[in-house]
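A, B, ... follow the sequence lines: proteins, then strands. Residue 1 opens every chain.
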2 protein chains.
Amino acid sequence: MARTQGSHSDITGPKVRQAALRLFARHGYAAVSMRQIAAEVGVQAGALYNYTPDKQTLLFDLMKTHLDELLAAHDALPGGAMPFPALEAFTRFHIRFHAERPDEVFIAYMELRSLEAGNFARIEALRRAYEQRLEDILRHGVEQGAFAVADPRIAAMALIAMLTGINTGFRRGGRLSLPQVQELYWEMVRKSVAA
Amino acid sequence: MARTQGSHSDITGPKVRQAALRLFARHGYAAVSMRQIAAEVGVQAGALYNYTPDKQTLLFDLMKTHLDELLAAHDALPGGAMPFPALEAFTRFHIRFHAERPDEVFIAYMELRSLEAGNFARIEALRRAYEQRLEDILRHGVEQGAFAVADPRIAAMALIAMLTGINTGFRRGGRLSLPQVQELYWEMVRKSVAA
DNA sequence: GTCTATATTACGATAGAC
DNA sequence: GTCTATCGTAATATAGAC
């Protein structure tokens with residue numbers, strides 16, 4: 001066989017994003033070359049530019065897609081009005097969603113500094129919108145008298161940091177199942193904000 | 001004494017580490033060039049190699065120094081035997097120590113992937129040793145009946161993730177003082193593990 | 001100890017053949 | 001749409017003058 005040639009845009013496009021995702025998560029955006037991505041896909045470096053105008057846009061699109069999906073998935077949650085059920089739903093959702101996407105999560109939190117100013121602002125706004133949803137749950141719970149949280153803004157930040165931390169340990173271990181992890185974390189979250 | 005006009009090893013050495021620390025934290029190890037570090041110090045790139053054999057060693061030394069200081073500072077804490085005072089001391093110590101060193105913390109957590117295998121193993125062992133200290137406090141508290149923690153290993157991971165999260169918010173804000181932040185976090189930590 | 005200069009390698013991105 | 005080839009630039013690290 002001489003060389004592979006022909007139209008593969010429908011499969012190569014996703015493969016490019018997938019390869020970039022994996023490599024950026026593992027080695028970091030700046031440490032990964034377009035040639036490495038191309039090699040992972042199975043094409044030459046120049047061919048990548050049929051699918052992204054440049055490397056920066058490739059990173060931005062990965063992060064934007066992830067956060068759009070996060071917000072959309074959270075929108076689809078059955079929203080409870082009661083503070084504890086709402087917080088529990090958020091907690092279990094967050095853990096499951098993030099545990100299923102370790103590479104996307106890693107990039108979305110660690111490569112913010114690799115974004116150019118305009119791209120950073122758009123991504124940061126999405127991240128902030130998600131955090132706001134937890135803050136709203138906490139604030140509502142305080143008003144209802146169910147939660148005792150001195151500062152909902154700080155508490156939301158603290159809880160999200162805690163929950164997202166599963167991605168450092170869950171990958172290493174394998175000792176516990178996802179439902180077990182959800183249970184352990186929900187127990188801590190519940191107690192930490194209970195009145 | 002017989003020092004030539006261009007001799008500044010006693011000041012240039014620290015300046016190199018300080019510049020590398022700042023730039024690595026801001027832009028990431030892979031995105032920072034030796035030329036940038038040299039420019040920040042005020043020398044030419046070649047001169048840096050009087051202070052480090054290579055870029056990788058420079059990163060490793062920064063991380064190693066940070067974790068050595070962390071463990072040493074924690075050793076110097078007055079160690080209490082009672083579960084709640086011990087946990088409170090750990091919590092307040094962790095927050096203060098990390099809030100004072102945002103750049104070092106950022107690097108120690110985010111540039112693990114930039115370390116070569118051997119260096120990674122040494123840094124990871126130090127990080128793990130610190131986490132173990134919190135796990136021991138939790139385990140002791142459970143045995144004493146003061147804490148209700150189903151899995152001290154996971155709980156230690158969760159709490160450290162939560163506490164270290166201050167460095168993303170504390171830099172942005174300025175709304176709250178360090179003692180206020182310590183108080184808010186200690187309240188959440190205390191409740192989350194209380195029996 | 002720092003400089004200038006350079007060897008060597010790799011990068012992102014583009015052009016034109018097929 | 002992918003290839004080969006290449007342009008222009010910048011990287012790490014070293015050598016030798018001062």
Side-chain angles (χ1 to χ4, degrees), chain A residues 1-24 26-63 107 111 113-119, chain B residues 1-21 23-24 26-62 107 111 113-119:
Chain A
M1 184 163 86
R3 92 184 154 182
T4 328
Q5 209 171 12
S7 276
H8 302 290
S9 74
D10 47 345
I11 42 177
T12 304
K15 277 175 75 177
V16 167
R17 285 186 287 277
Q18 195 178 355
L21 179 71
R22 216 180 73 90
L23 289 169
F24 288 166
R26 183 160 305 183
H27 306 292
Y29 171 77
V32 172
S33 70
M34 295 298 270
R35 284 169 175 81
Q36 278 178 273
I37 298 171
E40 182 107 343
V41 173
V43 296
Q44 293 300 314
L48 296 180
Y49 292 87
N50 288 313
Y51 302 97
T52 181
D54 50 39
K55 192 185 173 191
Q56 167 75 198
T57 304
L58 185 51
L59 172 65
F60 172 75
D61 286 343
L62 288 173
M63 297 173 77
I107 289 177
E111 297 296 351
R113 63 186 173 188
S114 300
L115 292 173
E116 292 161 6
N119 289 338
Chain B
M1 172 50 216
R3 179 172 288 170
T4 67
Q5 199 172 12
S7 253
H8 302 292
S9 75
D10 48 344
I11 43 178
T12 304
K15 276 175 76 176
V16 168
R17 285 187 287 277
Q18 195 178 355
L21 178 72
L23 289 170
F24 288 166
R26 183 161 305 183
H27 306 292
Y29 170 77
V32 172
S33 70
M34 295 297 271
R35 284 169 175 80
Q36 279 177 271
I37 298 171
E40 182 107 343
V41 173
V43 297
Q44 293 301 312
L48 296 180
Y49 292 87
N50 288 313
Y51 302 97
T52 181
D54 49 39
K55 192 185 171 192
Q56 167 76 199
T57 304
L58 184 52
L59 173 65
F60 172 75
D61 286 342
L62 288 173
I107 289 177
E111 296 297 352
R113 63 185 174 188
S114 300
L115 291 173
E116 292 161 5
N119 289 339

Original post:
Would you say a side-chain N or O of A:Gln44 is under 4.0 Å from OP1 or OP2 of D:dT2?
Top reply: no
Subject >> C:dT2 OP1/OP2 closer than 4.0 Å to side-chain N/O of B:Thr12 >> reply: yes
Original post:
Less than 4.0 Å between a side-chain N and a carboxylate O, is that true for A:Glu111 and B:Arg113?
Top reply: yes
Original post:
Near DNA chain D, under 4.0 Å by heavy atom, which residues of residues 26-33 of chain B?
Top reply: B:Val32, B:Ser33
Original post:
Donor-acceptor pair, A:Gln56 side chain versus A:Glu116 backbone, under 3.5 Å?
Top reply: yes
Shortest non-hydrogen contact between [X] and [Y], atoms and distance:
X: A:Leu23; Y: A:Val32; result: O-CG2, 3.3 Å
X: A:Ser114; Y: A:Tyr29; result: CB-CD2, 3.6 Å
X: B:Asp54; Y: B:Thr52; result: O-OG1, 2.8 Å
X: A:Val16; Y: A:Ile37; result: O-CG2, 4.2 Å
X: A:Arg17; Y: A:Leu62; result: O-CD2, 3.6 Å

**OP:** Check the distance between C:dG12's C1' and A:Leu58's CG and give it to me in whole angstrom.
**Re:** 13 Å
**OP:** May I have the distance from B:Leu48 (atom CG) to C:dT4 (atom P), rounded to whole angstrom?
**Re:** 14 Å
Show me the protein contacts with nucleotides 13-15 of chain C, counting only N or O atoms at under 3.5 Å.
from	atom 1	to	atom 2	distance (Å)
C:dA13	OP2	A:Tyr49	OH	2.9
C:dA13	OP2	A:Lys55	N	3.2

**OP:** Verify the neighbour count for atom CD of A:Gln18: are there more than 12 heavy atoms of other residues, nucleotides or ligands below 6.0 Å?
**Re:** no
